S.K.: 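Below: one structure in structure tokens.
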Amino acid sequence: MDYKGYTVYENNNGIEIEGVRDFDLGHIFDCGQSFRWLKQQDGSYIGVVKDKVSRIRFENGKLYISNSNFDDFVKIWYDYFDLGTDYGEIKKILCQKDEVMSQAIPFGQGIRLLRQDIWELIISFIISANNRIPRIMKSVETLSQNFGRKISSEEGDFYSFPSPEALSSCPLDQIEICKAGFRCKYISNTSNMIRKGIVNLSTLKEMTTDEARNELIKLSGVGRKVADCILLFSGTNFDVFPTDVWIKRIMEVLYFKREATLKEIDQYAKDHFGSLSGYAQQYLFFFARETRIS
DNA sequence: CTGCAGGCCGGCG
DNA sequence: CGCCGGCCTGCA
């Protein structure tokens, strides 16, 4: 069956998709946007999206997704992997911007910005503050196991990410079992703010980027950087440039040739990359980590 | 034993 | 406003 330029074949336990370009699972899942996809021995990845456990493989230009049918492709995966966006065109434009981009992009040529659940992103990136990636993954997993819904699948038992209601009804000392330390009170406070509707996530898409960011920053434990990650990795806004320590370092080394403030970097990205800032950030982040630039 | 990791918060000048 | 110290936890 065809859908918007892709050909989808259904088989016993999943789908096979042809026509997928600019796509590499390693690049996609290791550029810092997601914490819940686990790499398997055979190179495939298993993750939970919308209460569905799937195993994903990409071989010989074909994308294989288990536990899915054509309807799931249309309703979930097409959006999730941002398959409606022409990354070849984006890479072409960015490469023409400067030498740094044309050097960095080949390292992460298969990067895609996932359109992930914004609520899960909020909590995940609150946990990310001043933390290490393995520990972030562990905390997110522990929250899911304890307060999410159990999903039994042929891949084993997994757990959905807990709802705002589930987390807001937990006393703080229960949240603390996820070992997120001082961030646990942020998780608790933010869950309550969302449940009470103090910040309404469903209206963010109709706002300008600045308005949406200011809305998210109201949440406990959400500052400028975390807010921009949430906006970018949920597919809400792409003209943001989340500047963490890696991006700061690589911008100073490759662009400024000196130390620079977060404000300077943000202004530079706005002027230089404009609406493609978020994509540029991802290629730079992956490049920085691959090459260990310091 | 220190240092430090994908920042944020709160207090201060 | 901008700047700076402190921070849970766990691993090097």
Side-chain angles (χ1 to χ4, degrees), chain A residues 26-37 104 107-108 111 113-114 116 118 120-143 145-146 167 170-194 198-199 210 213-234 240-254 259-267 269 277-294:
Chain A
H27 297 170
I28 292 168
F29 295 136
D30 199 23
C31 60
Q33 59 181 326
S34 177
F35 300 109
R36 287 203 83 195
W37 285 93
F107 281 79
I111 285 173
L113 282 163
L114 301 172
Q116 303 176 80
I118 195 164
E120 181 171 338
L121 282 171
I122 288 171
I123 300 303
S124 299
F125 277 88
I126 283 174
I127 295 171
S128 80
N130 196 249
N131 208 342
R132 294 173 196 268
I133 289 174
R135 291 197 55 239
I136 301 167
M137 297 178 77
K138 199 164 289 180
S139 289
V140 172
E141 186 58 29
T142 303
L143 284 178
Q145 285 180 5
N146 285 277
L167 287 188
C170 285
L172 182 57
D173 61 347
Q174 279 298 298
I175 301 282
E176 284 172 344
I177 62 175
C178 78
K179 299 294 178 190
F182 63 88
R183 308 167 194 83
C184 289
K185 58 182 179 293
Y186 302 151
I187 296 172
S188 187
N189 292 339
T190 288
S191 300
N192 280 298
M193 291 175 75
I194 296 296
I198 295 174
V199 170
D210 286 338
R213 179 189 296 120
N214 288 334
E215 199 60 20
L216 286 176
I217 285 178
K218 290 178 184 170
L219 296 170
S220 176
V222 177
R224 171 65 185 246
K225 187 267 175 181
V226 166
D228 283 353
C229 284
I230 294 165
L231 291 174
L232 184 59
F233 304 144
S234 62
V240 294
F241 197 77
T243 302
D244 56 36
V245 290
W246 290 93
I247 292 294
K248 183 171 188 294
R249 204 174 300 148
I250 202 169
M251 289 299 285
E252 290 173 340
V253 172
L254 298 181
E259 291 192 347
T261 64
L262 292 177
K263 198 172 178 180
E264 284 178 319
I265 293 172
D266 194 63
Q267 188 60 47
S277 289
Y279 301 97
Q281 192 270 6
Q282 283 302 87
Y283 292 119
L284 285 173
F285 182 83
F286 192 82
F287 181 60
R289 296 189 61 109
E290 285 294 298
T291 58
R292 299 276 156 195
I293 281 189
S294 58

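The sequence lines fix the lettering, A, B, ..., with proteins before strands; numbering per chain opens at 1. All figures in this text were calculated on a predicted structure; none of them were measured in a lab.
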S.K.: To the nearest Å, give me how far apart CZ (A:Arg135) and C1' (C:dC11) are.
M.R.: 9 Å
S.K.: By nearest nucleotide on DNA chain B, pick out whichever of A:Cys229 and A:Ser220 is the more 5' one.
M.R.: A:Cys229
S.K.: Classify the side-chain pair A:Glu141/A:Gln145 by whether it contains a donor and acceptor separated by less than 3.5 Å.
M.R.: yes
S.K.: Is A:Lys225 salt-bridged to A:Asp228, cutoff N-O under 4.0 Å?
M.R.: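 No, no charged N to carboxylate O under 4.0 Å.
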S.K.: At under 4.0 Å, does any side-chain N or O of A:Lys138 touch on OP1 or OP2 of C:dT9?
M.R.: no
S.K.: Taking A:Gln33 for its side chain and A:Ile28 for its backbone only, find out whether a donor-acceptor pair lies under 3.5 Å.
M.R.: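 Yes.
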S.K.: If you measure from the P atom in C:dG6 to the same atom in B:dC4, how many Å do you get, rounded?
M.R.: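 After rounding to an integer number of Å, I get 14 Å for this pair.
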S.K.: Quick one: does A:Trp246's side chain get under 4.5 Å of A:Leu284's, heavy atoms only?
M.R.: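 No, their side chains stay 4.5 Å or more apart.
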S.K.: Counting any heavy atom closer than 4.0 Å, what does A:Arg183 reach on the DNA or RNA strands: base, sugar-phosphate only, or nothing?
M.R.: base
S.K.: For A:Leu262, report the nucleic acid contact type (base, sugar-phosphate, nothing); a contact means any heavy atom under 4.0 Å.
M.R.: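 Nothing, no nucleic acid heavy atom in range.
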S.K.: Looking across every strand, which nucleic acid part, if any, lies under 4.0 Å from A:Ile133 by heavy atom: base, sugar-phosphate, or nothing?
M.R.: base
S.K.: Base, sugar-phosphate or nothing for A:Lys263? Non-hydrogen atoms, less than 4.0 Å.
M.R.: sugar-phosphate
S.K.: Using atom NZ of A:Lys225 as one end and atom C1' of B:dC9 as the other, report the distance to the nearest whole Å.
M.R.: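 For the pair A:Lys225 NZ and B:dC9 C1', the rounded distance is 16 Å.
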S.K.: For A:Phe182, does the CZ atom sit with more than 12 other heavy atoms under 6.0 Å from it, leaving out its own atoms?
M.R.: yes
S.K.: How does DNA chain C look in dot-bracket form if you count Watson-Crick and G-U pairs under 3.5 Å, write [ ] for pairs that cross, and put | where a base pairs with another strand?
M.R.: |||||||.||||
S.K.: May I have the distance from A:Ile187 (atom CD1) to C:dC7 (atom P), rounded to whole angstrom?
M.R.: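 For the pair A:Ile187 CD1 and C:dC7 P, the rounded distance is 19 Å.
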S.K.: Taking atom P of B:dG6 as reference, at what distance in whole Å does atom CZ of A:Phe233 sit?
M.R.: 14 Å
S.K.: Taking only nitrogen or oxygen atoms into account, show me every contact under 3.5 Å that the protein makes with nucleotides 3-5 of chain C, one pair per line with its distance.
M.R.:
none

S.K.: Please state how far atom CE in A:Met137 lies from atom P in C:dC11, giving the value in whole angstrom units.
M.R.: 15 Å
S.K.: Centres of the A:Phe233 and A:Phe125 rings: under 6.0 Å?
M.R.: yes
S.K.: Quickly work out the A:Asn131 CG to B:dC8 P distance and round it to whole Å.
M.R.: 13 Å
S.K.: Taking only the P atom of each, what is the distance from C:dC8 to B:dG10 in whole angstrom?
M.R.: 13 Å
S.K.: Is the number of heavy atoms from other residues, nucleotides or ligands within 6.0 Å of NZ (A:Lys138) greater than 12?
M.R.: no
S.K.: For A:Gly221, answer base if it contacts any base atom (sugar-phosphate contacts may also be present), sugar-phosphate if it contacts only those atoms, and nothing otherwise; contact means non-hydrogen atoms under 4.0 Å.
M.R.: sugar-phosphate
S.K.: Given 3.5 Å as the limit, does a donor-acceptor pair link the side chain of A:Ser188 with the main chain of A:Leu172, or not?
M.R.: no
S.K.: In whole Å, what separates the P atom of C:dC3 from that of B:dG6?
M.R.: 24 Å
S.K.: If you assign A:Glu176 and A:Tyr186 each to the DNA chain C nucleotide with the nearest heavy atom, which residue ends up on the more 5' nucleotide?
M.R.: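 Nearest-nucleotide comparison on DNA chain C picks A:Tyr186.
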S.K.: Can a donor-acceptor pair be found, under 3.5 Å and without considering hydrogens, that links the side chain of A:Thr190 to the backbone of A:Leu219?
M.R.: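 Not at all, since once roles are kept as given, no pair shorter than 3.5 Å links the two residues.
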S.K.: Of all the choices, C:dG2, B:dC8, B:dA5, which nucleotide is nearest to the side chain of A:Arg132 once you look at every atom?
M.R.: B:dA5
S.K.: I'd like to know if A:Arg289 pairs up with A:Asp30 as an ion pair, taking the criterion as any Lys NZ or Arg NE/NH1/NH2 lying under 4.0 Å from an Asp or Glu carboxylate oxygen.
M.R.: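 Result for this pair is no, no salt bridge flagged.
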S.K.: Could a donor-acceptor pair under 3.5 angstrom be found where the side chain of A:Asn130 meets the base of B:dC8?
M.R.: no
S.K.: Round to a whole Å and report the spacing from CG of A:Asp173 to P of C:dC8.
M.R.: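 These atoms are roughly 16 Å apart.
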S.K.: Between A:Glu176 and A:Lys179, does any NZ, NE, NH1 or NH2 come within less than 4.0 Å of an OD or OE carboxylate oxygen?
M.R.: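 A salt bridge is absent here (no side-chain N lies under 4.0 Å from a carboxylate O).
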S.K.: Write down the distance between CE (A:Met193) and C1' (B:dC9), rounded to a whole number of angstrom.
M.R.: 14 Å
